[in-house]
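Whatever order the structure lists them in is the order used to number ligands and atoms, beginning at 1.
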Amino acid sequence: MAQKDVYRVGVIGAGSIAQACHLPGYARSEHAQLVAFADPEPERHKEMAKLFGEMKGYAHYKDMLNKEKLDVVSVCTPNKYHKEAATAALEAKCHVLCEKPIAMTLKETDCIIAAAKKSRKKFMVGFTHRLFEGPKKCKELLQDKTLGKPFMIRVRFAHGGPYPGWAKSNWFYKQDLAAGGAMLDMGIHAIDLCLWLFGPIVGVSAKAAALVKKIEVDDNALMILEFKSGALGYIEVGWTSKPGFSGLEIYGAKGSIICDYLKGLRLCGGKASAGADSVAEWKTLTRKPTEGGWSMEIAHWMDVVTGKEKLAMTAKAGRDALEVALAAYKSSATGKRVAIG
Ligand SMILES: NC(=O)c1ccc[n+]([C@@H]2O[C@H](COP(=O)([O-])OP(=O)(O)OC[C@H]3O[C@@H](n4cnc5c(N)ncnc54)[C@H](O)[C@@H]3O)[C@@H](O)[C@H]2O)c1
């Protein structure tokens, strides 16, 4: 069948990530026609009228899907509604870009995977960090073996928390709407980067806790990862600090990368032994490791929809990352290492 040139787009959930990334991205795309959005909050409809005047607004996404004959849908709701909104959009024969985490449970995720298979439509998860210049360069340096065999990865992401200041309400802090705190919200990006860069994870040990905020879910978390390759990794995430170090570090037998989101990406040549014979020659590869991301996510997604780009942030990638995050919560609750796979 011939490719369409312009795709009719709808957005489910018109809050902060929809307004900061999805809607402006579709508005810029020559292949997208922003047709409608769905959000139950009247306040969102007022904001949307100011930002995107002529767009039709629905209180319920099912009405939007029934009436608008959409081709492409973004799911930008709180995590609790990802599964029902994504499967409904797939059943309505739309290509779906779903925000992270893909869903709250593996069972929900498997329903999405089955719906995507049945509809034969594309389904992508919004793993934004893969589209930053820094992580993309890290992937290249691992693929071309510049670092030799990688044996260790460290990822740290932190900010002051999604509410107030970012999200439209405090749903991120409610277990029944979010399914987890910082370990899931920021951790899922970090876990996905680890899987993408280092391959399958076979075990996780973790501790998550609400250390500062009086909330139902964790505001800080640590995870120790064991990779199938034998490499180790650790992830630190927090909702209670200014960034501090934010980014990732990768250590390999022939070199190291420090991808500091605030300062730039540096490559160190040398030997892993760190003995007297080690050589440390630092090169700055880019000063802007966070260029890309939200500003190009929708362009990338529309390239996936139109077949120009391969779908990489698949539902399986969403499931793999969620499996590790859920295992990390189990480890935190039991105090034991949890095996994966
Ligand atoms: N990729 C990223 O970097 C990134 C960044 C931030 C948020 N997110 C993800 O995006 C999603 C939304 O987060 P946010 O920060 O925009 O939250 P938000 O609170 O700002 O917006 C959520 C919106 O969804 C609406 N909503 C609630 N229930 C709905 C339903 N049943 N149908 C339609 N709309 C509904 C709310 O009224 C609100 O307007 C979350 O899954 C979050 O994890 C991803």
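- With no hydrogens or angles considered, a side-chain donor-acceptor pair links Asp218 and Tyr329 at under 3.5 Å.
- In this structure Pro78 satisfies the side-chain contact (heavy atoms from CB on, under 4.5 Å) test together with Tyr81, Trp171, sequence neighbours excluded.
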Expected list for residues 283-295: side-chain donor-acceptor pairs under 3.5 angstrom, two or more places apart:
{"from": "Thr286", "atom 1": "OG1", "to": "Lys288", "atom 2": "N", "distance (Å)": "2.9"}
{"from": "Ser295", "atom 1": "OG", "to": "Gly292", "atom 2": "O", "distance (Å)": "2.9"}

Anything under 3.5 Å between a donor and an acceptor, one on a side chain of residues 258-266, the other on a protein residue two or more places apart or in another chain? List them.
{"from": "Asp260", "atom 1": "OD1", "to": "Leu262", "atom 2": "N", "distance (Å)": "2.9"}
{"from": "Asp260", "atom 1": "OD1", "to": "Lys263", "atom 2": "N", "distance (Å)": "3.2"}
{"from": "Tyr261", "atom 1": "OH", "to": "His129", "atom 2": "ND1", "distance (Å)": "2.9"}

N/O contact list for ligand 1, threshold under 3.5 Å:
{"from": "ligand 1", "atom 1": "1 (N)", "to": "Glu99", "atom 2": "OE1", "distance (Å)": "3.0"}
{"from": "ligand 1", "atom 1": "1 (N)", "to": "Gly126", "atom 2": "O", "distance (Å)": "3.4"}
{"from": "ligand 1", "atom 1": "1 (N)", "to": "Thr128", "atom 2": "OG1", "distance (Å)": "2.9"}
{"from": "ligand 1", "atom 1": "3 (O)", "to": "Thr128", "atom 2": "OG1", "distance (Å)": "3.4"}
{"from": "ligand 1", "atom 1": "3 (O)", "to": "His189", "atom 2": "NE2", "distance (Å)": "3.4"}
{"from": "ligand 1", "atom 1": "3 (O)", "to": "Trp294", "atom 2": "NE1", "distance (Å)": "3.1"}
{"from": "ligand 1", "atom 1": "15 (O)", "to": "Trp166", "atom 2": "NE1", "distance (Å)": "2.6"}
{"from": "ligand 1", "atom 1": "16 (O)", "to": "Ser16", "atom 2": "N", "distance (Å)": "3.3"}
{"from": "ligand 1", "atom 1": "16 (O)", "to": "Ile17", "atom 2": "N", "distance (Å)": "2.9"}
{"from": "ligand 1", "atom 1": "17 (O)", "to": "Trp171", "atom 2": "NE1", "distance (Å)": "3.2"}
{"from": "ligand 1", "atom 1": "19 (O)", "to": "Lys168", "atom 2": "N", "distance (Å)": "3.2"}
{"from": "ligand 1", "atom 1": "19 (O)", "to": "Trp171", "atom 2": "NE1", "distance (Å)": "2.8"}
{"from": "ligand 1", "atom 1": "20 (O)", "to": "Ser16", "atom 2": "N", "distance (Å)": "2.9"}
{"from": "ligand 1", "atom 1": "20 (O)", "to": "Ser16", "atom 2": "OG", "distance (Å)": "3.2"}
{"from": "ligand 1", "atom 1": "20 (O)", "to": "Lys168", "atom 2": "N", "distance (Å)": "3.0"}
{"from": "ligand 1", "atom 1": "37 (O)", "to": "Asp39", "atom 2": "OD1", "distance (Å)": "2.7"}
{"from": "ligand 1", "atom 1": "37 (O)", "to": "Asp39", "atom 2": "OD2", "distance (Å)": "3.4"}
{"from": "ligand 1", "atom 1": "39 (O)", "to": "Asp39", "atom 2": "OD2", "distance (Å)": "2.7"}
{"from": "ligand 1", "atom 1": "39 (O)", "to": "Arg44", "atom 2": "NH1", "distance (Å)": "2.9"}
{"from": "ligand 1", "atom 1": "41 (O)", "to": "Thr77", "atom 2": "O", "distance (Å)": "3.2"}
{"from": "ligand 1", "atom 1": "41 (O)", "to": "Asn79", "atom 2": "OD1", "distance (Å)": "2.7"}
{"from": "ligand 1", "atom 1": "41 (O)", "to": "His82", "atom 2": "NE2", "distance (Å)": "2.9"}
{"from": "ligand 1", "atom 1": "41 (O)", "to": "Lys100", "atom 2": "O", "distance (Å)": "3.2"}
{"from": "ligand 1", "atom 1": "43 (O)", "to": "Lys100", "atom 2": "O", "distance (Å)": "2.9"}
{"from": "ligand 1", "atom 1": "43 (O)", "to": "Lys100", "atom 2": "NZ", "distance (Å)": "3.1"}

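- Using modelled atom types, one finds no donor on one side chain facing an acceptor on the other under 3.5 Å when comparing Tyr234 with Glu236.
- A donor-acceptor pair shorter than 3.5 Å can be found between the side chains of Tyr26 and Trp301.
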